[in-house]
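To start, the structure under review is shown below, and the notes come after it.
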There are 4 protein chains.
Amino acid sequence: MKKKSQLKYEQILAETVNLINEKDVAMVSTNQVAKKVGISQSNIYIYFKNRDDLISQVFTTEVNKMSAFVIERIETRPTDNLKAKFELTFTVLFQYALKFPKSMTVIQKILQSYAYTHMQDQSAAYSKANGMLVASLDAGIATGLLKPIDRTLLQNIIFSTIKLHADNLHRGRYTERDVPFDQVAAMIWDAISA
Amino acid sequence: MKKKSQLKYEQILAETVNLINEKDVAMVSTNQVAKKVGISQSNIYIYFKNRDDLISQVFTTEVNKMSAFVIERIETRPTDNLKAKFELTFTVLFQYALKFPKSMTVIQKILQSYAYTHMQDQSAAYSKANGMLVASLDAGIATGLLKPIDRTLLQNIIFSTIKLHADNLHRGRYTERDVPFDQVAAMIWDAISA
Amino acid sequence: MKKKSQLKYEQILAETVNLINEKDVAMVSTNQVAKKVGISQSNIYIYFKNRDDLISQVFTTEVNKMSAFVIERIETRPTDNLKAKFELTFTVLFQYALKFPKSMTVIQKILQSYAYTHMQDQSAAYSKANGMLVASLDAGIATGLLKPIDRTLLQNIIFSTIKLHADNLHRGRYTERDVPFDQVAAMIWDAISA
Amino acid sequence: MKKKSQLKYEQILAETVNLINEKDVAMVSTNQVAKKVGISQSNIYIYFKNRDDLISQVFTTEVNKMSAFVIERIETRPTDNLKAKFELTFTVLFQYALKFPKSMTVIQKILQSYAYTHMQDQSAAYSKANGMLVASLDAGIATGLLKPIDRTLLQNIIFSTIKLHADNLHRGRYTERDVPFDQVAAMIWDAISA
DNA sequence: TATGAATGAGCTTTCATTCAT
DNA sequence: GATGAATGAAAGCTCATTCAT
């Protein structure tokens, strides 16, 4: 794809993200996306194989974005203190959720959607990103730092809590002064630490 | 509605629950429901004002079912020990999730769906049920039993953890022996207790 | 039909008249009528063979009502003065239009509707009532009182003008003081008189 | 819209005109129109926003056609004789009704239809065309040429008489020799002139 | 007499997708 | 690359009508 088309490709992705943010994944149509971008519906099929492909690429793009954001801020500060690393991860995830409020919502919505669950080729990006987190959690459990319990339970508390906190702030339910992130991180830590 | 129709009314609700369980709320059509029940599609409009009404009544029915289940098992065992009461609540919610695996999923899906969010008259049943839980949490915070933090964060950990655990069991990710509920309850308690 | 049913029969007719007054004939459904009367839809099919029959009976009833109203006020005042008789007819028609503002509208709407045009047995009542007017007009033409021109043209001016004037008054476009009926009658007379 | 589509656009309008001519406006469905044109029903929504838009554009098109027809034949023959101008207008309207027998019927039907009455943006074309006639009539009244009476009464006689005469000819009720237009125009003039 | 239940046909509208230009 | 045109399928909903009770 050339420059010009690269731009349009990104515009389509961006408007799809916006629309998924507003309504259910299943309610977002290629029609609506095209209208938002200001192109004709059929144009979308030049950039994407079909609707599933569009949703899928939105997902992959957002996962990659988040993944890159986190890795960049963690890998560069290597530490042998596992607990500190976890806490840094929480903070970075929270920063991401604050900076890209739509991104986490979209990732979560697509992940839960029927469309994604039944998609042919699911995101390799997601597997990879998830794999890193899984490795971290397993290491934490193995070293006795985290509770010896199925990792999905730990993972759920981490992500759902951070996302809810960011959403609450974003919607103005409370301010960062009312509920400092430290308290939230402490709550997560209390939950998952052995 | 008379006897005979009461049966069909419930069949429609039941099949709608099944379908919402399988796919996104927005993807469940009156057509599909009718086909599952074995009636003509227009027949649904005898029992429900429109599609929104159908979804809404499914929601209310499930919330009432859960509410009744929980209240019946808690109110009858009054205690002045607040902590014991919380732990009992967790257990009862878990029992419900185990017994009616689709119910919690459906409640959650509808609650998150765009359709419900933008519905005219939202469920009074839900407001009431939720109000009781809110009161409990606020009391727990006030007495210093729970962390002095926004209650939605506590609530999220309780529900999402219990639901995920039940789902994991249901999908065979692990058995009750592998991950006893006590451990899960302990994790929740560690998270929310002051 | 017994007394009770006679009442319901008339209620159905009355509500149908109301609905036809508000919208297009083709838009009035048995559903809506039943709802207005407060009965079940299927009940209508006890009093009327089908929808066409309902519309047809509404039409006949209204035509008979108008016919009786006019005849009663004209036949009882026999006169050999043909011009005076015409003018009396205009006045009586106008009184009817004022007293039953919906009636003339409904008659006209049904008369123009596709349903009526293609109905099996068209109203004998209408033929009869129309026949009388036709005879009057033909007599007027024969005696040289009216313009020697196709009678439908005369008839149209008479009815459409009287109806429009009554409607204008009813909708408050002007008052009877602003536009006295005498002026309207004079206009009609100027048009049709030889 | 490009060339090819322009053709289909006009075909859709034309078939809609035909159908409205045959039955009630409310009975004309996009289904029927599509079948007549020989396209799939959804295709109509490429050319028209929705059904209302289709009806509305049919109306505007016909009004514009009539308006252009009349203006072209009147404006080009300016005269300071007001009476002559009125009589010319009658003649031209009659010519139009003869040449486009469906057009006037369709305009009238849509104008009376519930759908149009309750439409959002009503035809600017109609307002303009009507405004010109209104101005003429008001001038006629002011100069003492026409009867000093509400203009809608004058307008009704003009239009309904001309239309009925044209329809009568079209349906073969009588020939132009039986009822020359001069007589009809005279009748109208007798009605409206002071 | 009355009604609840049921249905098939029809309606308007939106959708994902394809294709010729 | 881009678009207008086209379509079949499916959606939600209303309708006239029938029938058993």
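Here the structure is a predicted model, which is why all the values come from computation and not from measurement. Just so it is clear: chains get the letters A, B, ... in the order the sequence lines come, proteins before strands, and each one is counted from 1.
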Review point. Going by atom types alone, do B:Glu22 and B:Asn18 pair a side-chain donor with an acceptor below 3.5 Å?
Key: no
Review point. Taking only side-chain nitrogens and oxygens of A:Lys8, does any of them come within less than 4.0 Å of OP1 or OP2 of F:dA2?
Key: yes
Exercise for review: Quickly work out the B:Asn50 CG to F:dA11 P distance and round it to whole Å.
Suggested key: 16 Å
Review point. When the distance from CZ of A:Arg51 to C1' of E:dT14 is rounded to whole Å, what number comes out?
Key: 13 Å
Under 3.5 Å, which donor-acceptor pairs do the side chains of residues 33-41 of chain B form with other protein atoms, sequence neighbours left out?
from: B:Ser40; atom 1: OG; to: B:Ser42; atom 2: OG; distance (Å): 3.3
from: B:Gln41; atom 1: NE2; to: B:Thr30; atom 2: OG1; distance (Å): 3.0

**Study point:** Distance in angstrom units between A:Tyr45 OH and F:dG4 C1', rounded
**Key:** 16 Å
Review point. Listed in order of residue number, which residues of residues 28-40 of chain B have a non-hydrogen atom at under 4.0 Å from DNA chain E?
Key: B:Ile39, B:Ser40
Review point. How would you list, by chain and number, every residue that makes a salt bridge (Lys or Arg N to Asp or Glu O under 4.0 Å) with C:Lys65, sequence neighbours excluded?
Key: C:Glu62
Check your understanding: Can you check whether B:Ser56 reaches B:Met119 side chain to side chain, under 4.5 Å on heavy atoms?
Key -> yes
Practice item. Ignoring backbone atoms, test whether B:Lys49 places a side-chain nitrogen or oxygen under 4.0 Å from the OP1 or OP2 oxygen of F:dC13. Key: no
Review point. Any side-chain N or O of D:Tyr47 less than 4.0 Å from the OP1 or OP2 oxygen of F:dA6?
Key: yes
Point to revise | C:Asp53 CG to F:dA16 C1', straight-line distance once rounded to whole Å | key: 14 Å
Point to revise | Interatomic distance where CG belongs to B:Asp52 and P belongs to F:dA11 [whole Å] | key: 16 Å
Practice item. Would you mind reporting whether C:Ile20 and C:Ile55 have side-chain heavy atoms less than 4.5 Å apart? Key: yes
**Study point:** With sequence neighbours excluded, residues passing ring-ring contact (aromatic ring centres under 6.0 Å, His included) with B:Tyr126
**Key:** B:Phe59
**Study point:** Closest-nucleotide 5' rank along DNA chain F - winner of A:Ser42 and D:Asn43
**Key:** A:Ser42
Exercise for review: Would you kindly compare B:Gln41 and D:Ile44 by the position of their nearest DNA chain F nucleotide and give the one closer to the 5′ end?
Suggested key: D:Ile44
Review point. Do D:Leu54 and D:Leu13 touch side chain to side chain, with heavy atoms closer than 4.5 Å?
Key: yes
Review point. Distance-only, no hydrogens or angles: does the D:Asp24 side chain make a donor-acceptor pair with backbone N or O of C:Ser113 under 3.5 Å?
Key: no
Review point. Is the phosphate of E:dG4, meaning OP1 or OP2, less than 4.0 Å from a side-chain N or O of B:Ser5?
Key: no
Point to revise | Value in whole Å for how far the C1' atom of E:dA2 lies from OH of C:Tyr9 | key: 18 Å
Point to revise | Short side-chain donor-acceptor distance under 3.5 Å, B:Tyr47 and B:Gln57 | key: no
Practice item. Please report the shortest heavy-atom distance between C:Tyr45 and C:Asn50, naming the atom on each side. Key: CE2-CA, 3.8 Å
Check your understanding: For DNA chain E, what dot-bracket results from Watson-Crick or G-U pairs at under 3.5 Å, with [ ] for crossers and | for inter-strand partners?
Key -> .||||||||||||||||||||
Review point. Taking CD1 from C:Ile46 and P from E:dT1, how many angstroms apart are they, rounded to a whole number?
Key: 7 Å
Check your understanding: Can you tell me how far the CG atom of A:Asn21 sits from the CE atom of A:Met104, to the nearest 0.5 Å?
Key -> 13.0 Å
Exercise for review: Write down the distance between CZ (A:Phe48) and C1' (E:dT18), rounded to a whole number of angstrom.
Suggested key: 18 Å
Check your understanding: Hey, can you pull the residues of residues 12-27 of chain A with a non-hydrogen atom under 4.0 angstrom from DNA chain F?
Key -> none
Check your understanding: Are A:Gln6 and A:Glu10 close enough that a side-chain donor and a side-chain acceptor fall under 3.5 Å?
Key -> yes
